[in-house]
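Encoded as structure tokens, the structure appears first; notes follow it.
To find a chain, count down the sequence lines: A is the first, B the second, and so on, and within it residues start at 1. Hydrogens, waters and symmetry mates play no part in the numbers below; they use all other heavy atoms, side chains included. Note that the coordinates shown come from a computational prediction; the quantities given were computed from them, not determined experimentally.
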2 protein chains.
Amino acid sequence: MREFMEIAKALAEENRVRILWLLKEQELCVCQILEVLNLAPSTVSKHLAVLYQARLIDSSKKGRWVYYRLSCGGTRPEACTACDWVFNSLAKDPQIQTDQKRLKSILKMDPEELCRIQAER
Amino acid sequence: MREFMEIAKALAEENRVRILWLLKEQELCVCQILEVLNLAPSTVSKHLAVLYQARLIDSSKKGRWVYYRLSCGGTRPEACTACDWVFNSLAKDPQIQTDQKRLKSILKMDPEELCRIQAER
DNA sequence: ACCATAATTCGATACTTGACGAAATATAAA
DNA sequence: TTTATATTTCGTCAAGTATCGAATTATGGT
């Protein structure tokens, strides 16, 4: 129950659901995610920590960047069923579609370049 | 998104998840539910209102009693997928199993009798 | 070794939520 | 019509959470 509730609570926040969608097709670093969500880095970091705690996502450090990906697949069927639910339920959601478009254009530039732009703001 | 988040938030509370499980096989009146959960009537009522608002459950008044049931089936596929997720994820949960046992013995008595016992406390 | 920087942690604040008891509502029984 | 009672609504309090900016950590480049 504890484990399920942790997942359920992780899913009960719109920004976290949007993050899962962003990670659907590829791993992303924090700066890419926050570029879509338009939130403070610390806020995004906290959301990622919640998703990580619920074991819905995994992370790996590559240089200065931390990459996050769905932990779905491998040894986490619970994460899969949870994500499946989210993905099936929101496939046609306008917010999600906007995010996906925005993500597409962000993926075209280097994370390095993206971070530089963010630093200027 | 709005609709999905309402469902997700409704599921992000243990007592509400337990309520869905109680309603899995039959409809129940409020006094039967609160007998299992051991919460104040007003608290249970609030939880039921949240589930109702998310359109996960339906209600009908029969005399002094209000009966709640899953709104799953019929015109609410969203409720179905949500409940399916809950039911599949917690099929072997100890808390849920205890609740089911407790429910079984509660179902043996009239709601009328049950309410009388509750009033004495 | 020092500086720049991606990300996290921490502290503060505003908001939301879960719990209860008391009061209100609605129905049935007397 | 009065009374008893099943449930809901309301007010309040405590606990939890989302957000931010500032400080901290960790890594890479100079």
Side-chain angles (χ1 to χ4, degrees), chain A residues 2 5-6 8-19 27-54 57-69 106 109-121, chain B residues 2 5-6 8-19 27-54 57-69 106 109-121:
Chain A
R2 170 100 184 283
M5 289 316 303
E6 209 156 34
K9 281 174 203 286
L11 299 182
E13 211 280 333
E14 181 164 340
N15 291 315
R16 288 197 289 266
V17 170
R18 290 169 68 194
I19 290 174
E27 59 178 18
L28 297 172
C29 67
V30 181
C31 64
Q32 292 172 313
I33 295 168
L34 77 86
E35 185 68 16
V36 179
L37 298 187
N38 254 313
L39 291 171
S42 58
T43 306
V44 173
S45 195
K46 186 72 205 316
H47 283 313
L48 288 166
V50 171
L51 291 168
Y52 184 85
Q53 196 63 33
I57 59 175
D58 266 329
S59 73
S60 55
K61 202 158 195 176
K62 298 182 186 176
R64 268 176 299 182
W65 285 268
V66 179
Y67 279 83
Y68 285 92
R69 81 197 73 82
I106 287 164
M109 58 177 111
D110 262 330
E112 191 116 18
E113 189 190 349
L114 178 59
C115 285
R116 195 168 41 67
I117 293 166
Q118 286 175 353
E120 282 167 12
R121 293 200 289 246
Chain B
R2 169 98 186 283
M5 289 317 303
E6 209 156 34
K9 281 174 203 284
L11 299 182
E13 212 280 333
E14 181 163 340
N15 291 315
R16 288 196 289 265
V17 170
R18 290 170 69 194
I19 290 174
E27 59 178 17
L28 297 173
C29 67
V30 181
C31 64
Q32 291 172 313
I33 294 169
L34 77 88
E35 184 68 17
V36 179
L37 299 187
N38 253 314
L39 291 170
S42 58
T43 306
V44 173
S45 193
K46 186 72 206 314
H47 283 313
L48 288 166
V50 172
L51 290 169
Y52 184 85
Q53 197 64 32
I57 60 175
D58 265 329
S59 73
S60 55
K61 202 158 197 176
K62 298 181 186 175
R64 267 176 300 180
W65 284 269
V66 178
Y67 279 84
Y68 284 92
R69 80 197 74 81
I106 287 165
M109 58 175 111
D110 262 330
E112 190 117 17
E113 190 189 349
L114 178 59
C115 284
R116 194 168 40 69
I117 293 167
Q118 287 175 351
E120 281 166 14
R121 294 201 287 247

Exercise. Once you round it to whole Å, what is the distance between P of C:dA19 and CG of B:Leu34?
Worked result: 13 Å
For this session: Name the nucleic acid region contacted by B:Lys46, choosing base, sugar-phosphate or nothing; use a 4.0 angstrom heavy-atom cut-off, strictly under.
Result: nothing
For this session: State, yes or no, whether a side-chain contact exists between B:Gln32 and B:Tyr68 at a heavy-atom distance under 4.5 Å.
Result: no
For this session: Let me know the distance between CZ of A:Arg116 and C1' of C:dA7, rounded to the nearest Å.
Result: 19 Å
Exercise. What is the distance from NZ of A:Lys9 to P of D:dA15, rounded to the nearest Å?
Worked result: 16 Å
Seminar exercise, completed: Of D:dT19, C:dC20, D:dT7, the nucleotide closest to the side chain of A:Glu13 is D:dT19
Exercise. Hey, does the side chain of B:Arg16 come within less than 4.0 Å of C:dG18's phosphate (OP1/OP2), counting only N and O?
Worked result: yes
Seminar exercise, completed: Quick note, A:Lys61 side chain, CB onward, closest among C:dG21, C:dT8, D:dA26 is D:dA26
Exercise. What nucleotide, of C:dT8, D:dT8, C:dA19, holds the atom closest to the side chain of B:Asn15?
Worked result: C:dA19
Problem set entry | Side-chain N,O (A:His47) to OP1/OP2 (D:dT19) below 4.0 Å | yes
Problem set entry | Nucleotide nearest A:Leu39 when distance is taken to its side chain, options D:dC20, D:dT17, C:dT8 | D:dC20
Problem set entry | Interatomic distance, A:Gln53 CD vs D:dT17 P [rounded to whole Å] | 12 Å
Exercise. Do B:Glu27 and B:Lys62 pass the salt bridge (Lys or Arg N to Asp or Glu O under 4.0 Å) test, and can you show the C-alpha distance, the side-chain angles, and the key distance before you say yes or no?
Worked result: CA-CA 12 Å; B:Glu27 59 178 17; B:Lys62 298 181 186 175; 2.6 Å; yes
Problem set entry | Side-chain touch A:His47/A:Ile33, heavy atoms, less than 4.5 angstrom | no
Problem set entry | Value in whole Å for how far the P atom of D:dA26 lies from NZ of A:Lys62 | 21 Å
For this session: Would you kindly check whether a donor in the side chain of A:Ser42 faces an acceptor in the base of D:dG21, or vice versa, at under 3.5 angstrom?
Result: yes
Exercise. Any idea which of D:dC20, C:dA7, D:dG28 is nearest the A:Arg64 side chain?
Worked result: D:dG28
Problem set entry | Test item: A:Tyr52 and A:Asp58 side chains (from C-beta on) under 4.5 Å apart, heavy atoms | yes
Seminar exercise, completed: In whole angstroms, the gap separating P of C:dT17 from CG of B:Leu11 amounts to 14 Å
Problem set entry | Phosphate contact (C:dA19 OP1 or OP2) by B:Thr43 side-chain N/O below 4.0 Å | no
Exercise. What is the distance, rounded to the nearest whole Å, between atom CG of A:Leu48 and atom C1' of D:dT19?
Worked result: 15 Å
Exercise. So what does B:Tyr68 touch, heavy atoms closer than 4.0 Å: a base, only the sugar-phosphate, or nothing?
Worked result: sugar-phosphate
Exercise. In whole angstrom, what separates B:Met5's CE from C:dT16's P?
Worked result: 14 Å
Exercise. So do A:Gln118 and A:Leu34 actually touch side chain to side chain, heavy atoms under 4.5 Å?
Worked result: yes
